[in-house]
Amino acid sequence: MIKWQKNMVKIGALATIVLALAGCSTAKSNGSGQGNNPGKTIKIGVNMELSGSAAGYGQQQKQGIQLAVNKINKAGGIKVGNTKKKIQLVVRDNKTSNTTSASVAAQLVNNDKVVAVVGPAATNAGTASIPNMTKAQVPSVSPSATDPGYTLQKNGDVQKYIFRACFQNNFQGSSAAKFMTNNLKAKNVAILTDNSSDYGTGLTKAFKKTYTGKVVSSQTFQEGDKDFNAILTSLKHKKIDAIYAPGYYSELGLIIKQARQAGINVPIVGSDGMADAKLAKIAGNSNTNNIYYTTPFSTKSGETNTLAATFLKTYQAKYHTTAPTFSALAYDSVYMIKSAIESEKSANSVKITAGLAKITDFKGVTGTITMNKNHNPEKSMTIEKLTDGTVSQAYTIK
Amino acid sequence: MQTFGQQLINGLSLGSIYALLALGYTMVYGIIKLINFAHGDIYMLGAFWGYYVINQLHFNFIWAMLSAIVFCAILGVIIEYFAYRPLRHSPRITALITAIGVSFLLENGMTYLFTANTRSFPQVIKTVTYHLGGLRISNIQLLILGTACLLMLLLELIIKRTKMGRAMRAVSVDPEAAQLVGINLNHTISFTFALGSAMAGAAGVLIGLYYNSIDPLMGMTPGIKAFVAAVIGGIGSVPGASVGGFLIGLLETGVQAIGLSAYKDAVVYFVLIVILLVLPAGIFGKKTKEKV
């Protein structure tokens, strides 16, 4: 609401310009109906939030994508039939704006002639890009668009060219609910939702559907909020066993810090938006105790998954920090496209689409993935526990 | 009762930040009738300055804050000189759009240079929580309240007791007449920007320390809330901005305390509308008769 107010003025001006530009660049449907074909290289587009409010995630995903592409190219490229072709990345910034995302999609498929797209990171921007991707018959794999409806059309049919590498919200929300009932034995919970995104509200909806205990209080906050003292003080005198707080690390870090400082020491359970080392940095290590979150990727998984171990090592060597979940998902997105090209023996965009839909038992850093009929990857869910700011335990939930 | 007292503390610490920011809006508006939308971003730059001098140059808190005050004051003057001064005689809407442009430039420029990632502010002062009759108040909350009150008092003294302050008041009443009696208009306006930006810089460092989280877009929301605070207090009135800031802080906290967190912003804007309808000049605003 607040950002909205000020942004209205700004966006209004921008949107006029963007729309004017976008007007001349909607996707032209290809006469032969064959989608895009590769040239000397395999062009993969990146439609990503590199600036604006979701840039933090977009940048991490770009790093994951680059790491995957470097690795593939170093090994000679992707095997298409009998020849090996290198990947050429075309990275474009959608500025966390829906209109820009749509025009970036058009640019990528029409002008750059990419055969597949990785991105966008957020459901909203991703949804805006769907018409142009579909028209040009080029598939896109979003590393992190978690809204259940993202890969579906309004009538419930699957969006033919839209895939994702992450869980959908329903699964994350219900896993958290089961975990809180079975493992934490929480009978009374409070919910704190980031209601400025489909992500937060979707998770809460899914959570409430599955959770059998009592929801004592359900409060909301917005992206960019910094002060949660008022909400937390009002929770303090209610009898709660745990707090469910789906949102991103930037706000959750502050919630954890302020909750612990206010003397609220119950477990706080969140979602994969919390899976970032910055969470503990913002909250302070001494406050980051008894914190849980659902995540598709655990740094602990390096102990059992050799692919994940190599990924973590190369990421650490290149970027000097522990790989965040979003980088892992983006890394897998590129490899999923690679696997589709290899299994179809063609880098034609329509063929890649068919290959992506057929992915079975694909070994990725975020687990073994099988694409279901709604283009959602099926893999197991991990819940990480933080103690003193570091991951102390990982639970696997099927 | 305990909860009430605790919420009061929450509201006052939040309000003091809005108040510090609202002062900048109100002073600039009082002098050149410009709503400086880039003000919230100067606050962001103050926080980043604090982040860097503490991390890189190992300043202690006091020096970090003082240097942020100086840095932001200089920045405010530079922005005024390059962005607003050339437009002084253009229509007000032109200057307003420029202000939005400057805000955009600062936000996206910082995102470009430092990425949009949220950073954790170095905790130079260890948080100590005092328990007073069941209430919890941290040393940082006391510091914020104390510094905010101190700076507001200082500002009041500068405006009321110094020659420059008198010049500022004269320019705000009538710029042409002020020039006729020998006041240097450019200097006075620059000084106003410096003062307002200095307040924002101090608020930036304080907020960094309090919430331990800074990012290039952190100025947007508080900026717009502080603007509302300034309007409610009576835009152009310095005590009005302080009172308005505290009011907004308490209001927001109160709405969340009764469990209506989803409506906290709606309530703030609703109050803004009511104030504009009932008291168009704000609580402390002067009623000026328009001559037809």
Side-chain angles (χ1 to χ4, degrees), chain A residues 1-7 9-10 13-14 49-60 95-96 192-193 195 217-237 248-251 253-254 257-258 261-263 276 278-284 286-287, chain B residues 2-3 6-7 9-11 13-14 17 37 40 96-97 100-101 103-104 107-108 111-112 115-121 123 127 129 136 138 141 207 210-213 215-218 220-225 227-228 249 252-266 268-269:
Chain A
M1 277 287 282
I2 346 136
K3 274 185 188 165
W4 193 80
Q5 274 266 339
K6 189 175 176 188
N7 274 347
V9 190
K10 298 179 174 179
L14 250 196
E49 287 81 341
L50 299 177
S51 58
S53 61
Y57 315 104
Q59 294 288 355
Q60 292 179 352
K95 303 190 168 70
T96 320
L192 278 177
T193 311
N195 77 341
S217 168
S218 188
Q219 305 257 4
T220 63
F221 60 92
Q222 267 134 31
E223 188 191 345
D225 278 3
K226 297 223 185 282
D227 197 298
F228 304 93
N229 286 316
I231 299 179
L232 292 167
T233 304
S234 73
L235 288 183
K236 205 188 161 187
H237 296 285
Y248 294 112
Y249 67 85
S250 38
E251 286 80 30
L254 292 167
K257 177 181 159 136
Q258 290 167 21
Q261 276 173 359
D276 192 294
K278 288 204 190 72
L279 180 85
K281 267 199 197 141
I282 293 169
S286 57
N287 295 323
Chain B
Q2 250 179 38
T3 316
Q6 190 67 49
Q7 297 288 25
I9 294 173
N10 294 339
S13 7
L14 187 65
I17 298 296
F37 272 114
L96 187 77
I97 291 170
I100 295 172
S103 164
F104 246 152
E107 282 165 11
N108 289 306
T111 310
Y112 179 75
T115 77
N117 283 335
T118 307
R119 286 149 200 273
S120 52
F121 199 83
Q123 296 296 288
T127 311
T129 309
R136 287 163 160 262
S138 73
Q141 281 173 319
I207 217 69
Y210 184 35
Y211 295 130
N212 185 21
S213 138
D215 62 84
L217 300 182
M218 66 186 274
M220 283 166 97
T221 313
I224 205 83
K225 289 263 177 66
F227 170 63
V228 173
E252 244 190 83
T253 309
V255 172
Q256 292 181 79
I258 54 173
L260 297 173
S261 51
Y263 303 100
K264 67 168 192 215
D265 300 324
V268 168
Y269 296 120

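Below, read A as the first sequence line, B as the second, and so on, with proteins coming before strands; counting in each chain starts at 1. Excluded from the calculations below are hydrogen atoms, water molecules and symmetry mates; all remaining heavy atoms, backbone and side chain alike, are included.
Heavy atoms closer than 4.5 Å to chain B are found nowhere in A:Tyr57, neither backbone nor side chain. In this structure, the portions of A:Gln261 lying under 4.5 Å from any heavy atom of chain B include both its backbone and its side chain. Neither the backbone nor the side chain of B:Tyr263 comes within less than 4.5 Å of any heavy atom of chain A. Within the 4.5 angstrom heavy-atom criterion, no atom of B:Ser13 approaches chain A. The parts of A:Thr233 that come within reach of chain B are both its backbone and its side chain, each placing non-hydrogen atoms under 4.5 angstrom from that chain. Only the side chain of A:Leu254 comes within contact range of chain B, judged by heavy atoms closer than 4.5 Å.
Among the candidates A:Gln219, A:Lys236, A:Lys281, A:Gln59, the residue making the largest number of heavy-atom pairs closer than 4.5 Å to chain B is A:Gln219.
Within the 3.5 Å criterion, the main-chain N or O of A:Ile282 finds a donor-acceptor partner in the side chain of B:Asn212. Side-chain atoms of B:Gln7 come within 3.5 Å of backbone atoms of A:Ala230 as a donor-acceptor pair (strictly under, hydrogens ignored).
Considering all non-hydrogen atoms of both residues, B:Ala262 and A:Asn195 come closest at CB-ND2, 4.4 Å. Considering every non-hydrogen atom in both B:Asp265 and A:Gln222, the closest pair reads OD2-OE1, 2.7 Å. Among all heavy-atom pairs drawn from B:Ala257 and A:Ser234, the shortest one is O-CB, 3.6 Å.
Inter-residue side-chain proximity for A:Tyr248 and B:Thr118 is flagged as unmet; no heavy-atom pair is nearer than 4.5 Å.
The distance from the CG atom of A:Asn229 to the CD1 atom of B:Ile9 is 10.0 Å, given to the nearest 0.5 Å. With rounding to the nearest 0.5 Å, the separation of CG in B:Asp215 from NZ in A:Lys278 is 11.0 Å. Remark: A:Thr220 OG1 to B:Leu260 CG distance equals 9.5 Å, nearest 0.5 Å. How far OH of B:Tyr211 is from CD of A:Glu251: 13.0 Å, rounded to the nearest 0.5 Å.
A donor and an acceptor atom, one from each side chain of A:Ser51 and B:Asn108, are nowhere located under 3.5 Å apart.
Every side-chain hydrogen bond (donor to acceptor under 3.5 Å, both in side chains) that B:Ser213 has, sequence neighbours left out, goes to A:Lys226. B:Glu252 meets the salt bridge (charged side-chain N to carboxylate O under 4.0 Å, His left out) test with B:Lys225; sequence neighbours excluded.
Of the charged side-chain nitrogens involved, at least one lies within less than 4.0 Å of a carboxylate oxygen, so that B:Lys264 and A:Asp225 count as a salt-bridged pair.
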